[in-house]
Amino acid sequence: MTDPTRAVADRATAGFTTRYGGQAAGRWAAPGRVNLIGEHTDYNEGFVLPFALPLQTVVAADRQDAEQWTVWSELSDETVTFGADDVAEAGRVTGWGAYVAGVVWALREAGHPVPGARMAIASDVPLGAGLSSSAALESAVLAALLDLGGLELPAESQPRLAQRAENVYVGAPTGIMDQSASIRCQAGHALFLDCRDESVEQIPFDLDAAGLAVLVIDSRAPHRHADGEYAARRRSCEAGAAALGVAALRDVSVDHLDTALAQLDDEETRRRVRHVVTEDQRVLDTVALLRAARVRDIGPLLTASHVSMRDDFEITVPEIDTAVEAALAAGALGARMTGGGFGGCVLALIDADRADEVAAAVTAAYAERGFTAPGTLTVLPSPGATRLP
């Protein structure tokens, strides 16, 4: 257990003892994630390549006899209690407790006898930064309830159940990537996920061996019109696929892209289609380089991904573009926005010994533009959901 994870786990343990008395039966952790490359390809049945962060959500938990679930969160210092009636149908529990209730609901809906439980939650996955704090919470709660109840659910089935909790119970239309990364990632690897058939492959991403690291830059940009714009991008992609007569844009290859674009009358739709098709290819090219242990060579693909998101998909904001430009000017091998857009985070592939220099350059560029100072964190690919010792 790394020191940061130990600190979060200790806070969850202390919270459990303070709220409930006695000791928890165990502690379960699940990470946030960043997407190395492959943005807005998931709902187009394409490819993504996330990896897990060292930032964790930890659930300290124990069973209770009643068909009741009691959850305390350090973030709000609130305790939420719900019973069988509250998980009989979607949406009865609201707020942050809905993510926990949603997991119970999804397990019960799938026919699993979920034990009553008392839980205490601590986390260092920041909210609203696009690092998937909700999937980390769902995945940690799921791991705890499966162990406490002795329930059998194969690892390959867990992301879909956690996603269903968020999509149906909470009502948030996320794809399968976030939960897949939080549950199935391995240390030192990126998770190559085919969003059509949900097959995964662990791709070596040994930054340490290459003398590299990923600098995650929290842009601190407020999310601007993210929900409506996300829906608009999705509609454009669906319209493009329909006009081209394919099930999804994943079915358009780069080799036939010019022919496909010539069939589209609307310039905006052409740009959206071009981003998705070229982004899928960039994921495949990145995977090929990582398989060949050519980690440094993926930098230009990351930067090309950002340019495509900026110019063709039009989902970046000035803070994001400034972070990318400043990181590249300071020597990053590649940099791109990660996440759905209109705010969130940037990741930069850097030489490990230049982290402070690149972070300082981004901070200085922000100050020149009058932006709120960014947050920065150097990360390595980390393991997915697990029970802690």
Side-chain angles (χ1 to χ4, degrees), residues 35-50 130 163 167 171-178 193-198 219 221-287 300-325 334-346:
N35 191 20
L36 181 62
I37 196 165
E39 228 60 76
H40 287 265
T41 50
D42 54 351
Y43 56 80
N44 290 291
E45 300 186 13
F47 307 102
V48 293
L49 193 64
Q163 182 204 18
N167 287 177
T174 58
I176 194 67
M177 177 180 67
D178 295 351
L193 170 64
D194 183 329
C195 295
R196 172 165 282 171
D197 64 14
E198 297 179 21
S219 72
H223 280 79
R224 303 179 178 120
H225 315 298
D227 291 342
E229 295 290 351
Y230 177 94
R233 297 306 181 282
R234 189 162 186 160
R235 285 194 301 271
S236 288
C237 291
E238 291 166 353
L244 295 171
V246 295
L249 292 182
R250 181 256 186 72
D251 297 312
V252 181
S253 72
V254 165
D255 292 341
H256 299 103
L257 178 58
D258 288 343
T259 301
L261 295 179
Q263 298 176 51
L264 300 173
D265 296 329
D266 179 63
E267 174 58 28
E268 182 178 279
T269 303
R270 281 197 291 269
R271 292 198 304 271
R272 307 301 187 243
V273 169
R274 183 166 54 217
H275 165 72
V276 173
V277 174
T278 57
E279 186 78 346
D280 266 333
Q281 187 61 49
R282 283 186 286 270
V283 176
L284 298 176
D285 292 345
T286 300
V287 168
L301 291 166
L302 303 182
T303 304
S305 171
H306 183 78
V307 171
S308 182
M309 288 187 287
R310 183 191 67 202
D311 297 345
D312 278 346
F313 224 62
E314 298 177 286
I315 55 174
T316 69
V317 295
E319 292 92 334
I320 290 285
D321 292 331
T322 296
V324 168
E325 291 158 10
R336 65 183 288 273
M337 187 191 72
T338 183
F342 309 102
C345 287
V346 162

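Worth saying up front: this structure is predicted, and the values here are computed from it rather than measured.
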Enquirer: Any chance CG of D265 has more than 12 other-residue heavy atoms, nucleotides or ligands included, within less than 6.0 Å?
Expert: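 No, CG of D265 has 12 or fewer neighbouring heavy atoms, counting only those of other groups under 6.0 Å.
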Enquirer: Give me the atom names and distance for the closest heavy-atom approach of T278 to S308.
Expert: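 Heavy atoms of T278 and S308 come nearest at OG1-OG, 3.9 Å.
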Enquirer: Considering all heavy atoms of both residues, which atom of V252 and which atom of A260 are nearest to each other, and what is their separation?
Expert: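 Minimum heavy-atom contact is CG1-CB, 3.9 Å.
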Enquirer: What distance separates T316 OG1 from M309 CE, expressed to the nearest 0.5 Å?
Expert: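 So the gap between those two atoms works out to 8.0 Å.
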Enquirer: Restricting to pairs with a member in residues 257-282, which pass ring pair (Phe, Tyr, Trp, His ring centres under 6.0 Å), not counting sequence neighbours?
Expert: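 As it turns out, the ring pair (Phe, Tyr, Trp, His ring centres under 6.0 Å) pairs with a partner in residues 257-282, which skip direct neighbours, are H275-F313.
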Enquirer: Taking only residues two or more places apart in sequence or in another chain, which ones pass side-chain contact (heavy atoms from CB on, under 4.5 Å) with L261?
Expert: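 Here the qualifying residues are L257, L264, R270, V273, R274.
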Enquirer: Which atoms form the tightest heavy-atom contact between N167 and A172, and what is the distance?
Expert: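 Smallest heavy-atom distance, with atoms named: ND2-O, 2.8 Å.
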Enquirer: If you look at every heavy atom in C237 and N44, which pair is closest and at what distance?
Expert: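 Heavy-atom minimum between the residues: CB-OD1, 3.2 Å.
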Enquirer: Quick check on side chain to side chain contact (heavy atoms under 4.5 Å, CB included): which of V48, L49, L284 does I37 satisfy it with?
Expert: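 That would be L49.
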Enquirer: OG1 of T41 to CG of N35: how many Å apart, nearest 0.5 Å?
Expert: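 Those atoms lie 7.0 Å apart.
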Enquirer: Hey, does the side chain of S219 reach the backbone of C345 with a donor-acceptor pair shorter than 3.5 angstrom?
Expert: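 Absent.
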Enquirer: Counting N and O atoms only, with roles assigned by atom type, does the side chain of R272 sit under 3.5 Å from a partner on the main chain of D312, one being a donor and the other an acceptor?
Expert: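 Yes, the answer is positive, given that a donor and an acceptor are paired below the 3.5 Å cut-off.
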Enquirer: Can you measure from CD1 (I320) to CZ (R310) and round to the nearest 0.5 angstrom?
Expert: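 One gets 13.0 Å once the value is rounded to the nearest 0.5 Å.
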Enquirer: Just wondering, do T259 and Q263 contact through their side chains at under 4.5 Å, heavy atoms?
Expert: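 Yes, at least one pair of side-chain atoms sits under 4.5 Å.
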Enquirer: Among side-chain atoms of T174 and Q163, is any donor-acceptor pair under 3.5 angstrom?
Expert: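 Side chains of T174 and Q163: no pair found under 3.5 Å.
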Enquirer: Quick check for you: to the nearest 0.5 Å, what is the distance between M177 atom CE and F47 atom CZ?
Expert: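 One gets 14.5 Å once the value is rounded to the nearest 0.5 Å.
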Enquirer: Working note: D321 + H306, criterion side-chain contact (heavy atoms from CB on, under 4.5 Å); need CA distance, chi angles, decisive distance, verdict.
Expert: CA-CA 9 Å; D321 292 331; H306 183 78; 2.9 Å; yes
Enquirer: Which pair of non-hydrogen atoms, one from I176 and one from C195, has the smallest distance, and what is that distance?
Expert: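 In terms of heavy atoms, the two residues are closest at CG2-SG, 4.4 Å.
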Enquirer: What I want to check is whether the side chains of R282 and T286 have a donor and an acceptor closer together than 3.5 Å.
Expert: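 R282 vs T286: no donor-acceptor pair found between side chains.
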Enquirer: Output the distance between atom CG (D285) and atom OG (S305), rounded to the nearest 0.5 Å.
Expert: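 One gets 12.0 Å once the value is rounded to the nearest 0.5 Å.
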Enquirer: Can you run down the ring pair (Phe, Tyr, Trp, His ring centres under 6.0 Å) pairs that involve residues 245-265, sequence neighbours left out, and say none if there aren't any?
Expert: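 Qualifying pairs: none.
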Enquirer: Where is the tightest heavy-atom contact between V346 and A323, given as atom of each residue plus distance?
Expert: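 Closest heavy-atom pair between V346 and A323: CG2-CB, 4.0 Å.
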Enquirer: Is the shortest side-chain heavy-atom distance between E279 and E39 below 4.5 Å?
Expert: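 Touching, per the 4.5 Å side-chain cut-off.
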Enquirer: How would you list, by chain and number, every residue that makes a salt bridge (charged side-chain N to carboxylate O under 4.0 Å, His left out) with D178, sequence neighbours excluded?
Expert: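 Applying salt bridge (charged side-chain N to carboxylate O under 4.0 Å, His left out) to D178 gives R33.
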Enquirer: Taking side chain to side chain donor-acceptor pair (under 3.5 Å) as the cut-off, I'd like each qualifying pair that reaches into residues 233-246, sequence neighbours left out, listed once.
Expert: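 For residues 233-246: E229-R233.
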Enquirer: Let me have the donor-acceptor pairs involving side chains of residues 240-250, under 3.5 Å, with sequence neighbours excluded, atom names and distances please.
Expert:
{"residue": "R250", "atom": "NH1", "partner": "E45", "partner atom": "O", "Å": "2.7"}
{"residue": "R250", "atom": "NH1", "partner": "D194", "partner atom": "OD1", "Å": "2.9"}
{"residue": "R250", "atom": "NH2", "partner": "D194", "partner atom": "OD2", "Å": "2.9"}

Enquirer: Which of parallel (below 30°), tilted (30 to 60°) and perpendicular (above 60°) describes Y43 and Y230?
Expert: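 Ring orientation, 0 to 90° scale: perpendicular.
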